[in-house]
Amino acid sequence: AGDSGAARRKAAVARVQLENSAAMELDYLVPAELAGRIAIGSRVVVPLQRRQVQAVVLHLLDSSPFEGRLKPVIRLVGSRPMFSPSLLKLAHWIAEYYICSVRQVLRAMLPQAVRDRPETFVTDSHLRLARDCTGEIFEQLRKRAPMQARLLELLQAREGAASLSDLRRELPRAATYLKPLLAAGWIAREELRVERDPFQNEEFMPTSALRLTDEQTATLSAVMQALENPAKARPLLLHGVTGSGKTEVYLQAIDSVLGAGGTALVLVPEISLTPQTIERFKARFHDRRDRVAVLHSHLSEGERHDEWFKIHEGRADIVIGARSAIFAPLERLGIIIVDEEHEPSYKQGETPRYQARDVAVVRAKLEGCVVLLGSATPSLESWENACRGKYELVTMERRTDGKSLPLVRVVDLRMARRKGTGVKVQDAGCLSEKLRLAITDRLGKRAQTILLLNRRGFHSSLACTVCGEVVQCQDCSLPMTLHRADERLICHICGARRLPPQKCPACADPGIRYGGFGTERVESILREVFPQARIARVDTDSMQRKNQLRDTLRDFRAQKLDLLIGTQMIAKGLDFPNVTLVGVLNADLALNLPDFRAAERTFQLLVQVAGRAGRGELLGEVLIQTFTPHSPAIQFSRKNDFAGCAAQEPEPRRMFE
């Protein structure tokens with residue numbers, strides 16, 4: 001059955017999708033007290049056998065084939081619909097395209113805090129003086145109840161109005177003295193909602209629009225043309241080299257959308273990019289910085305709840321977040337921007353296994369808005385769509401400052417091992433002599449260095465020297481990684497943990513040895529080799545504390561750190577003007593994965609991390625360490641030759657069509 005009438009109308013029957021039970025649609029009667037209040041997209045509580053379960057209204061009908069046997073809806077959840085009609089259409093498309101149930105998609109669309117505790121807001125008492133605190137009556141109060149009088153004086157010192165939490169800072173037991181003052185009419189109280197804002201204590205210095213280069217002007221013109229008639233516009237693919245000013249184009253395009261009364265959605269692939277992106281947007285749109293919302297998994301449950309409702313209630317014009325933010329309940333969407341659209345982190349690893357970039361394209365079509373996909377190394381799928389005319393291609397081939405791209409050198413680790421140079425870890429190259437000298441040179445010049453190793457942990461394998469047995473995850477059949485901080489072997493696929501064995505589990509020989517290295521081990525080596533350097537590590541193991549990632553990147557930007565070692569979290573999108581050296585410790589890690597996209601993703605990762613160097617006044621340099629220096633992916637990345645990589649990579653794939 002299809003929708004009949006408007007999204008909210010008086011109807012006899014609501015067809016709902018159960019949220020936590022079987023993936024089925026059921027019909028329920030709409031009781032008289034809920035008639036006209038229940039709408040398509042509303043969440044409701046309905047009876048199911050002997051239980052009460054939550055559900056989402058998909059259709060409002062005048063009748064049902066099961067008339068006479070229907071049970072009534074028990075109650076409405078929330079004061080307004082949680083899903084717009086376009087989001088419901090998107091949910092059905094995702095369910096059909098990615099072969100999952102609508103129930104699973106609807107659960108993914110709402111943060112857990114919103115599902116479990118909708119409209120559970122924190123409130124604070126706002127107090128104001130209702131009587132004059134002078135005269136004989138006040139003096140009597142001062143003698144009889146000095147702490148009550150003290151509370152009134154504190155309130156008077158704040159021009160007669162303040163929050164209870166503010167008064168508690170000076171008078172911890174203020175709530176105790178408040179009740180008699182309210183009863184006597186000295187104070188009037190009003191309960192106000194308190195936003196749990198993750199950036200409430202942050203200061204953002206206002207910035208203004210920059211002067212655009214010719215390439216930026218042409219790109220912005222293409223976006224503006226699409227905004228004039230978004231219903232007929234093709235998705236835009238922006239291929240701009242690192243440092244070409246893609247973010248400035250995003251900012252000015254969004255400014256135009258906001259000026260026309262629309263809203264904007266910005267997706268970033270890594271949570272590590274969110275603090276810098278938020279800073280740029282709140283600084284540029286300083287007059288409406290409170291209308292910029294954030295959605296990602298590093299927020300607390302309360303913050304995510306309040307940020308979602310901030311969007312839902314129409315108090316946000318710009319939403320920035322990771323892949324799940326594609327479901328943000330924005331209305332009047334004018335533009336969706338997918339930054340670093342090639343990133344595999346846009347792919348959800350659990351059901352529903354959606355690709356946020358592709359969902360963005362579909363949502364833009366449903367909402368009738370513009371979608372802009374930006375990257376220095378577009379995915380071959382998007383590139384092919386552009387070549388076939390499905391997407392409109394715009395390019396920016398030069399950096400905004402007119403500087404050259406960094407000089408890229410390839411270090412053959414095979415030669416380094418033969419010569420016996422460099423720092424070794426279990427007979428595997430970690431720091432070649434060239435990279436060690438380059439880091440030493442930057443430390444002497446007070447310049448900064450980024451080192452990339454896309455592998456967490458201390459040692460990457462544990463093997464027997466007698467029988468060759470490798471300790472593997474029992475579920476994933478892949479080598480487990482030692483994490484020295486926990487003294488545990490951890491599987492990076494499923495998260496399984498176990499104690500390291502003292503002897504070989506196969507032959508019981510004690511000659512079991514660790515091999516390989518991860519970021520944890522490299523950090524230890526760097527502190528030994530460069531004891532004077534200020535070093536930080538950025539990976540999911542080290543960035544556990546709330547706001548720790550934001551603080552670390554801020555310290556690096558403020559040049560309080562000399563050297564940053566990390567995984568792909570630091571490989572893209574970040575802008576540090578004082579970084580003049582980037583080192584890739586092992587470019588072969590991604591290249592040797594059993595994935596037909598391995599070469600493409602290696603090229604993308606190397607080009608992206610190379611783009612972190614030389615973004616300031618000084619020329620940048622990149623050293624790529626590898627055991628396969630003649631690999632096409634590495635050679636193409638050395639020359640920043642995306643066209644060459646894009647021309648070569650599809651051929652092997654077409655063989656299997």
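Residues Pro329 and Met109 have side chains not in contact (no heavy-atom distance under 4.5 Å, counting atoms from C-beta outward). Here the side chains of Phe281 and Ile254 are in contact, with some heavy-atom distance below 4.5 Å. Taking 4.5 Å as the limit, every side-chain heavy atom of Gln608 sits out of range of all side-chain heavy atoms of Gln568. Using a 4.5 Å heavy-atom threshold, the side chains of Glu19 and Val56 count as touching. Put simply, the side chain of Val46 does not reach to within 4.5 Å of the side chain of Leu26, judged on heavy atoms. Counting heavy atoms from C-beta on, the side chains of Leu295 and Arg304 come closer than 4.5 Å. Val394 has its side chain out of reach of Glu215: every pair of non-hydrogen atoms, C-beta onward, lies at least 4.5 Å apart. Residues Thr263 and Val319 form no side-chain contact, since every pair of their non-hydrogen atoms from C-beta on lies 4.5 Å or further apart.
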**OP:** Give the C-alpha distance, both sets of side-chain angles, the deciding distance and a yes or no for side-chain contact (heavy atoms from CB on, under 4.5 Å) between Leu238 and Lys246.
**Re:** CA-CA 8 Å; Leu238 170 55; Lys246 295 186 289 294; 3.8 Å; yes
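More than 12 heavy atoms of other residues, nucleotides or ligands lie within 6.0 Å of NZ in Lys347, so this atom counts as buried by the packing criterion.
Note: Leu267 CG to Glu343 CD = 13.0 Å, rounded to the nearest 0.5 Å. Atom CG of residue Leu564 and atom CZ of residue Arg612 lie 12.5 Å apart, to the nearest 0.5 angstrom.
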